[in-house]
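Okay, so here's the structure we're looking at.
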Amino acid sequence: MTADKIIARNIRRVYHIKGKEDKITTEFEAIRHLDLTVKQGEFLAIVGPSGCGKSTFLDMIAGLAKPSSGEIFIDGKLIKGPALDRGIVMQGYALFPWRTVRKNVEFGLEIKKVPKQDRQAISQKYIEMVGLKNFADRYPHELSGGMKQRVAIARALAYDPEVLLMDEPFAAVDAQTRETLQEELLRIWEQTKKTIVFVTHGIDEAVFLADRVAVMSSHPGTIKEIVNINLPRPRDGIRSSADFGWIRHKIWELLQNDSAAALVEKPAGPDVAEAISSSAAL
């Protein structure tokens with residue numbers, strides 16, 4: 001039986017927002033009663049409406065943010081902050097422009113104080129894994145968006161984290177490149193057996209990649225339902241299958257029903273809405 005890798009228990013996240021004119025502090029509950037377990041080696045995708053807390057929850061797993069209440073564990077150990085057992089790939093690449101592809105990939109290895117000779121061998125392995133063998137000495141400004149994201153993935157994998165956290169990593173590239181990167185990511189995942197938590201707005205992307213899809217409700221965000229993706233691997237050509245379409249429609253309905261319910265709720269005031277958008281991405 002596969003062991004639990006990540007356990008989140010009763011997570012709540014509250015923001016305290018001060019009004020511009022009356023200076024009265026109001027409470028905005030971004031996440032409420034969120035419980036989630038991720039298995040060792042599982043590919044779990046999280047989808048939900050904008051502002052539901054997907055990225056905030058991912059930041060909590062990364063140790064970049066703390067829940068207002070509740071706890072998150074990796075391998076039974078409480079997360080208290082960032083650590084090298086978690087790798088993060090975000091939408092904005094976050095590459096160092098003054099470093100070559102190789103030096104960007106080696107960054108985490110330098111932090112771990114891996115000897116130079118070993119760093120070179122490890123970085124070469126992952127540069128080749130993401131298909132950038134001929135670009136190791138290029139700088140970020142010489143690369144396309146898709147290639148930059150490959151570098152970000154290679155960098156995250158190179159220092160061998162237990163968990164790979166990915167926040168809308170392919171959102172900034174064109175549709176054709178996105179599908180290519182999705183296929184590459186699955187190939188890498190099958191090779192490395194990493195536990196992956198993948199946040200996305202794309203239902204098709206979530207169904208194509210994941211073992212399970214956690215569907216979040218609109219704010220306050222919580223896990224509305226977890227959908228098992230019982231599709232065969234490898235998933236070449238699976239997007240056109242009836243089973244793929246049925247699962248996609250099921251998730252779409254879950255999201256649509258939540259959106260319809262949200263329409264009858266009282267909308268946030270302008271100060272609250274502005275403060276939310278300027279806070280850490282929810």
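Side chains are part of it too, since the values below use all heavy atoms of this structure and drop only hydrogens, waters and symmetry mates. FYI, the numbering just counts along the sequence from 1.
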Quiz item: Between L36 and I226, is any pair of side-chain heavy atoms under 4.5 Å apart?
Solution: yes

Self-check item: Residue pair T100 / D137, side-chain donor-acceptor N/O under 3.5 Å
Solution: no

Practice problem: Would you check if M129 and T192 make a side-chain contact, meaning some heavy-atom pair closer than 4.5 Å? | Solution: yes

Practice problem: Take V197 and L58, measure what side chain to side chain contact (heavy atoms under 4.5 Å, CB included) needs, and give me the verdict at the end. | Solution: CA-CA 8 Å; V197 181; L58 203 73; 3.6 Å; yes

Self-check item: Full working for side chain to side chain donor-acceptor pair (under 3.5 Å) between S55 and D167
Solution: CA-CA 7 Å; S55 295; D167 191 1; 2.8 Å; yes

Exercise. Begin with the C-alpha distance, continue with both residues' side-chain angles, and end with the deciding distance and a verdict on side chain to side chain donor-acceptor pair (under 3.5 Å) for E106 and S123.
Key: CA-CA 6 Å; E106 291 180 3; S123 64; 3.0 Å; yes

Self-check item: Between CG on residue L164 and CD1 on residue I88, distance to nearest 0.5 Å
Solution: 9.5 Å

Practice problem: Spell out, yes or no, whether V101 and Y139 are grouped together once hydrophobic residues are joined by side-chain heavy atoms under 4.5 Å, including indirect joins. | Solution: no

Self-check item: Those residues that, when tested against E225, pass side chain to side chain donor-acceptor pair (under 3.5 Å) (two or more places apart)
Solution: none

Quiz item: Is there side-chain contact between K39 and I6, with at least one heavy-atom pair below 4.5 Å?
Solution: no

Quiz item: Taking NZ, NE, NH1 and NH2 as the nitrogens, is one of them in E71 or K77 under 4.0 Å from a carboxylate oxygen of the other?
Solution: no

Quiz item: Donor-acceptor pair, T222 side chain versus R32 backbone, under 3.5 Å?
Solution: yes

Practice problem: Output all residues satisfying side chain to side chain donor-acceptor pair (under 3.5 Å) with D243, sequence neighbours left out; order by chain, then residue number. | Solution: none

Exercise. Give the cluster check for I251 versus F244: same hydrophobic cluster or not, with ILVMFWY residues linked at side-chain heavy-atom distances below 4.5 Å.
Key: yes

Quiz item: Can you say whether the rings of F198 and F170 are parallel (under 30°), tilted (30 to 60°) or perpendicular (over 60°)?
Solution: tilted

Quiz item: R178: what forms a salt bridge (Lys or Arg N to Asp or Glu O under 4.0 Å) with it, not counting sequence neighbours?
Solution: none

Practice problem: Measure from the ring center of W252 to the ring center of H249 and say whether it is less than 6.0 Å. | Solution: yes

Practice problem: Would you indicate whether the side-chain heavy atoms of V130 and E184 approach each other to under 4.5 Å? | Solution: no

Exercise. Starting at CD1 of I223, measure out to CG of D35 and round the result to the nearest 0.5 Å.
Key: 8.5 Å

Quiz item: Okay, side chain of Q149, backbone of P169: is any donor-acceptor separation there less than 3.5 Å?
Solution: yes

Quiz prompt | Donor-acceptor contact present, side-chain K5 to main-chain V163, <3.5 Å | solution = no

Quiz item: Does a side-chain heavy-atom distance below 4.5 Å link W189 with E42?
Solution: no

Quiz prompt | Beyond-backbone contact of T195 with E162, side-chain heavy atoms, under 4.5 angstrom | solution = no

Self-check item: cation_pi(R13, Y15) dist<6.0 Å, angle<=45
Solution: yes

Quiz item: Are F135 and V151 grouped together when hydrophobic residues (ILVMFWY) are joined by side-chain heavy atoms under 4.5 angstrom apart?
Solution: yes

Quiz item: Does any N or O in the side chain of K66 come within less than 3.5 Å of the main-chain N or O of G63, such that one atom is a donor and the other an acceptor?
Solution: no

Quiz item: Out of curiosity, F57 CZ to L165 CG, how far, rounded to the nearest 0.5 Å?
Solution: 9.5 Å

Self-check item: Under the side chain to side chain donor-acceptor pair (under 3.5 Å) test, residues paired with Q120 that sit two or more places apart
Solution: none

Self-check item: Separation of Y126 OH from D160 CG (nearest 0.5 Å)
Solution: 5.5 Å

Quiz prompt | Side chain to side chain, Q124 and V105, heavy atoms closer than 4.5 Å | solution = no

Self-check item: Name of the residue among Q91, H201, K54 meeting side chain to side chain donor-acceptor pair (under 3.5 Å) with E168
Solution: H201

Practice problem: Let me see the working for I72 and I7 under side chain to side chain contact (heavy atoms under 4.5 Å, CB included), right down to the final yes or no. | Solution: CA-CA 6 Å; I72 306 177; I7 300 175; over 6 Å; no

Quiz item: Is the backbone of E110 close enough, under 3.5 Å, to the side chain of Y159 for a donor and an acceptor to pair up by distance?
Solution: no

Quiz item: Are more than 12 heavy atoms from other residues, nucleotides or ligands located less than 6.0 Å from atom CD of Q191?
Solution: yes

Identify every side-chain donor-acceptor pair in residues 227-237 under 3.5 Å, counting partners at least two apart or on other chains, and give the distances.
| residue | atom | partner | partner atom | Å |
| --- | --- | --- | --- | --- |
| R233 | NE | D211 | OD1 | 3.4 |
| R233 | NH1 | L209 | O | 3.3 |
| R233 | NH2 | L209 | O | 2.8 |
| R233 | NH2 | A210 | O | 3.2 |
| R233 | NH2 | D211 | OD1 | 3.0 |
| R235 | NH1 | V207 | O | 3.2 |
| R235 | NH1 | F208 | O | 3.0 |
| R235 | NH1 | A210 | O | 2.8 |
| R235 | NH2 | A210 | O | 3.3 |
| R235 | NH2 | I229 | O | 3.4 |
| R235 | NH2 | L231 | O | 3.3 |

Exercise. Take atom CD of Q117 as the centre, draw a 6.0 Å sphere, and report whether it contains more than 12 heavy atoms from other residues, nucleotides or ligands.
Key: no

Practice problem: Assess whether salt bridge (charged side-chain N to carboxylate O under 4.0 Å, His left out) is satisfied between R150 and E128, documenting all intermediate values. | Solution: CA-CA 10 Å; R150 289 170 186 259; E128 292 182 10; over 6 Å; no

Self-check item: Test log, rule side chain to side chain contact (heavy atoms under 4.5 Å, CB included), inputs R9 and L34
Solution: CA-CA 7 Å; R9 295 178 180 164; L34 190 153; over 6 Å; no

Quiz item: Could you go step by step and tell me if V14 and E29 meet the side chain to side chain contact (heavy atoms under 4.5 Å, CB included) rule?
Solution: CA-CA 4 Å; V14 174; E29 189 178 30; 4.3 Å; yes

Quiz prompt | Q182: side chain to side chain donor-acceptor pair (under 3.5 Å) partners, not counting sequence neighbours | solution = E205, R239

Quiz item: With side chains defined as the heavy atoms from C-beta onward, is the minimum distance between M60 and I79 less than 4.5 Å?
Solution: no

Quiz item: Would you say the side chains of T56 and D59 form a donor-acceptor pair under 3.5 Å?
Solution: no

Quiz item: Is a donor on one side and an acceptor on the other found under 3.5 Å between the side chain of N10 and the backbone of G70?
Solution: no

Quiz item: For I127 and A136, which heavy atoms make the closest approach, and how far apart are they?
Solution: CD1-CB, 4.1 Å

Self-check item: D118 side, atom CG; K113 side, atom NZ - distance, nearest 0.5 Å
Solution: 15.0 Å

Quiz item: If only atom types and distance count, is the side chain of R119 paired as donor or acceptor with the main-chain N or O of L109 below 3.5 Å?
Solution: no

Quiz item: Rounded to the nearest 0.5 Å, what separation is found between the CZ atom of F73 and the CG atom of L78?
Solution: 5.0 Å

Quiz prompt | Within one Ile-Leu-Val-Met-Phe-Trp-Tyr cluster: W246 and L255, side-chain cutoff 4.5 Å | solution = yes

Quiz item: With the 4.5 Å side-chain cut-off for hydrophobic clustering, are L95 and I111 part of the same group?
Solution: yes

Quiz item: Would you say K112 has more than 12 foreign heavy atoms packed within less than 6.0 Å of its NZ?
Solution: yes

Exercise. Examine distances only and state if a side-chain atom of K194 and a backbone atom of P161 form a donor-acceptor pair shorter than 3.5 Å.
Key: yes

